[in-house]
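Scroll down for the structure; my scribbles are underneath it.
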Amino acid sequence: MDKQYSYADFLRAMGQPGKESSAEKLLNEIYLDMFLNIIHREQSSKRLIELIDEALDQKDEKAFTQYTNALQQLNNSK
C-alpha cells in the first residue's frame with residue numbers, strides 16, 4: 001500500500017493516443033489503494049482499541065501506554 005502516484009504520471013497516461021484504458025487503470029489502482037488503506041487503518045484501530053481494553057482489564061499500565069501511543073500515531077498519520 002502507500003504507493004506514490006504523481007499527477008504527471010496520470011497526465012502522461014491520459015496523453016497517450018488510444019491509451020485511455022491505461023489512464024483508467026491508473027485511476028482504478030489509485031482508488032483501490034486508497035480503499036485498502038482505509039480498511040487497513042480501520043482494522044488496526046479496532047484491534048488497538050481491543051488491546052487497550054484488555055490492558056485496562058488486566059491493569060497492565062505498560063501495555064496500555066504502548067497501545068494508546070500506537071493508536072495516537074495511527075490517528076495522527078491520517
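Residues Gln73 and Asn76 form no side-chain contact, since every pair of their non-hydrogen atoms from C-beta on lies 4.5 Å or further apart.
For Ile49, the side chain to side chain contact (heavy atoms under 4.5 Å, CB included) partners at least two apart in sequence or on another chain are Ser45, Asp53, Leu71. By the side chain to side chain contact (heavy atoms under 4.5 Å, CB included) test, Tyr31 is found to be paired with Leu27, Met34, residues two or more places apart in sequence or in another chain being considered.
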Which atom pairs, one a donor and one an acceptor, fall under 3.5 Å between side chains of residues 58-68 and the rest of the protein, sequence neighbours left out?
| unit_1 | atom_1 | unit_2 | atom_2 | d |
| --- | --- | --- | --- | --- |
| Asp60 | OD1 | Lys62 | N | 3.3 |
| Asp60 | OD1 | Ala63 | N | 3.2 |
| Thr65 | OG1 | Glu61 | O | 2.9 |
| Thr68 | OG1 | Phe64 | O | 2.9 |
| Thr68 | OG1 | Thr65 | O | 3.1 |

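With values rounded to the nearest 0.5 angstrom, Ile52 atom CD1 is found 12.0 Å from Asp57 atom CG. Rounding to the nearest 0.5 Å gives a distance of 11.0 Å between CD of Glu24 and CG of Leu26.
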- Task: Evaluate the criterion side chain to side chain contact (heavy atoms under 4.5 Å, CB included) for residue pair Arg47 and Leu51; output intermediate values, then yes/no.
- Result: CA-CA 6 Å; Arg47 180 65 180 143; Leu51 290 169; 3.5 Å; yes
